[in-house]
Amino acid sequence: MTVIAIDGTFASGKGTLGKRLAAHFGYAYLDTGKLYRATAAKILADAGDLEDGKSAAEYANALTMEDLDNPELKSGKIGAAASKVSVHKQVRAALFDFQQNFAKNPGKAYKGTILDGRDIGTVICPNADVKLYVDAKPEIRAERRHKELVSYGEEISYEQVLAQLKERDHRDMNRAEAPLKPAANAHLLDTTNLGIDAAFEAARTLICAVLERQV
Ligand code: DC
C-alpha cells in the first residue's frame, strides 16, 4: 500500500492537490482537517466549550461518517474553531486510530492512500512513501481563501482573512502537540507562483520520481 502524506499551511492548496493526485493515481483520499472541523462543528452546535479538551475528545470519539459530509464544515468560523480544538492532546488521540486505519486499509479498490493535514508526515504516517509540505506566502493564501469564502456568501474583507490566517498559522505551528512543521524528509512545494495545474504537475512529477526510486 503506497501512502502519500501531504501537510501544509492553511489555504496553501494542499486539499485541492490531494484530491487531484488521488484521482490521478487511483488512491483513496482523506482530508484529515474535516475530522477536526466536524468535532468543532458538533461542539459549536451544542454551545460547548472549545477549550475543554476532555469534553472535546468525547465529541471526536462520537463522530460518524455523516458528520464529515456537513457542507458547513468549510466555513471560516468552523475552521478557526477546528484549529482551537486541535491543540488538545485528548482530541488528537481520539482521532489517531481512524487516520492510521484509513492509511492502512482504505478499501480493496485502492492501491494507495493520500492523507492531507498538519501532522501526517510527522505523526500519523511517519513511514509514508512520499511526504509533501505545501506552503505559499500568507498574502497569496489569504487572497485565495478570501475568494473562496466570498463564493460561499460570507461577508468578510481580505484584511480580516489575512489576520485570521496569520493567527491560525501561529496556533497550528506553535501548539505543544503535533505542531505543523515539515517532516525531516518532506519535499517542499511552494505554490505562491503556481496555479493549481502547475502545482499538480510539480507534485505528480515529484511523487513519480520518488516512487520510481523505491522500485
Ligand atoms: O486543513 P483544515 O484547514 O481543514 O484544518 C482545520 C484545522 O484542523 C487546522 O487549523 C488545524 C487542525 N488540523 C490538525 O491539527 N491536524 C490535521 N491533521 C488536520 C487539521
Side-chain angles (χ1 to χ4, degrees), residues 1-37 65 68-69 73-74 79 86 92 95-145 147-148 165 169 172-173 178-215:
M1 180 66 55
T2 303
V3 177
I4 298 178
I6 306 182
D7 290 302
T9 48
F10 174 59
S12 57
K14 64 186 174 7
T16 312
L17 253 186
K19 251 177 259 154
R20 275 187 67 168
L21 290 166
H24 175 80
F25 288 108
Y27 292 176
Y29 168 69
L30 179 65
D31 166 4
T32 65
K34 269 192 175 180
L35 302 172
Y36 295 91
R37 286 172 179 264
M65 290 313 273
L68 304 184
D69 291 333
L73 296 188
K74 289 180 178 168
S86 72
R92 307 201 72 83
L95 299 174
F96 184 84
D97 285 349
F98 178 85
Q99 296 173 83
Q100 275 214 333
N101 287 338
F102 183 89
K104 286 182 192 145
N105 309 301
K108 283 204 180 88
Y110 301 103
K111 327 180 263 232
T113 53
I114 297 186
L115 286 83
D116 90 52
R118 302 291 190 290
D119 63 340
I120 308 303
T122 50
V123 175
I124 305 293
C125 302
N127 299 320
D129 298 275
V130 190
K131 297 179 186 178
L132 297 182
Y133 186 88
V134 189
D135 199 3
K137 276 204 181 112
E139 290 73 16
I140 296 291
R141 290 188 281 127
E143 207 177 295
R144 290 176 189 157
R145 182 62 178 157
K147 269 192 199 141
E148 194 185 356
L165 181 143
D169 280 355
D172 293 350
M173 290 173 178
L180 169 65
K181 61 175 179 197
N185 52 349
H187 299 269
L188 305 184
L189 182 61
D190 185 334
T191 65
T192 302
N193 297 309
L194 299 180
I196 181 59
D197 289 339
F200 167 75
E201 201 39 43
R204 190 193 65 77
T205 307
L206 210 148
I207 291 167
C208 288
V210 175
L211 292 180
E212 261 169 38
R213 278 206 298 272
Q214 289 177 353
V215 180

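- A distance of 10.0 Å separates CD1 in I120 from CD in Q100, rounded to the nearest 0.5 Å.
- Between A5 and A128, the shortest heavy-atom contact is CB-CB, 3.9 Å.
- Salt bridge R20/D197: present, at least one basic N to carboxylate O contact under 4.0 Å.
- For D135 and R141, the salt-bridge test passes: some basic side-chain N is under 4.0 Å from an acidic carboxylate O.
- Shown here are the salt bridge (charged side-chain N to carboxylate O under 4.0 Å, His left out) partners of D31, two or more places apart in sequence or in another chain: there are none.
- For residues 196-215, the ring-ring contact (aromatic ring centres under 6.0 Å, His included) pairs, not counting sequence neighbours, are H24-F200.
- E148 meets the side-chain hydrogen bond (donor to acceptor under 3.5 Å, both in side chains) test with R145, Y152; sequence neighbours excluded.
- Using a 4.5 Å heavy-atom cutoff, the side chains of I207 and I4 are in contact.
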Give the intermediate values and the outcome of side-chain contact (heavy atoms from CB on, under 4.5 Å) for residues T9 and M173. CA-CA 9 Å; T9 48; M173 290 173 178; 3.6 Å; yes

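- Each side-chain hydrogen bond (donor to acceptor under 3.5 Å, both in side chains) pair with one or both residues in residues 120-130, not counting sequence neighbours, would appear here, but there are none.
- Using a 4.5 Å cut-off on side-chain heavy atoms (C-beta onward), F102 and T32 make no contact.
- Here the closest heavy-atom approach between residue A142 and residue L165 is recorded as N-CD1, 3.7 Å.
- A donor-acceptor contact under 3.5 angstrom links the side chains of R144 and T191, judged on distance only.
- Counting heavy atoms from C-beta outward, R92 and Q99 have side chains that stay 4.5 Å or more apart.
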Please report, to 0.1 Å, the donor-acceptor pairs under 3.5 Å made by any side chain of residues 183-190, with sequence neighbours excluded.
{"from": "N185", "atom 1": "OD1", "to": "K131", "atom 2": "NZ", "distance (Å)": "3.2"}
{"from": "D190", "atom 1": "OD1", "to": "T192", "atom 2": "N", "distance (Å)": "2.8"}
{"from": "D190", "atom 1": "OD1", "to": "T192", "atom 2": "OG1", "distance (Å)": "2.6"}

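- Using a distance-only test at 3.5 Å, with no hydrogens or angles considered, no donor-acceptor pair links the side chain of D172 to the main chain of L180.
- Side-chain atoms of D116 do not come within 3.5 Å of backbone N or O of I6 as any donor-acceptor pair.
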Could you pull out every donor-acceptor pair under 3.5 Å between side chains of residues 104-114 and any protein atom, sequence neighbours left out?
{"from": "K111", "atom 1": "NZ", "to": "F25", "atom 2": "O", "distance (Å)": "3.4"}
{"from": "T113", "atom 1": "OG1", "to": "A103", "atom 2": "O", "distance (Å)": "3.3"}

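- Distance check, rounded to the nearest 0.5 Å: CG of L35 to OG of S86 gives 11.5 Å.
- The CG atom of L30 sits 8.0 Å away from the CG atom of L68 when rounded to the nearest 0.5 Å.
- Shown here for Y29 and A22, the closest heavy-atom pair between the two residues is CB-CB, 3.6 Å.
- Heavy atoms of other residues, nucleotides or ligands lying less than 6.0 angstrom from CG of D69 number more than 12.
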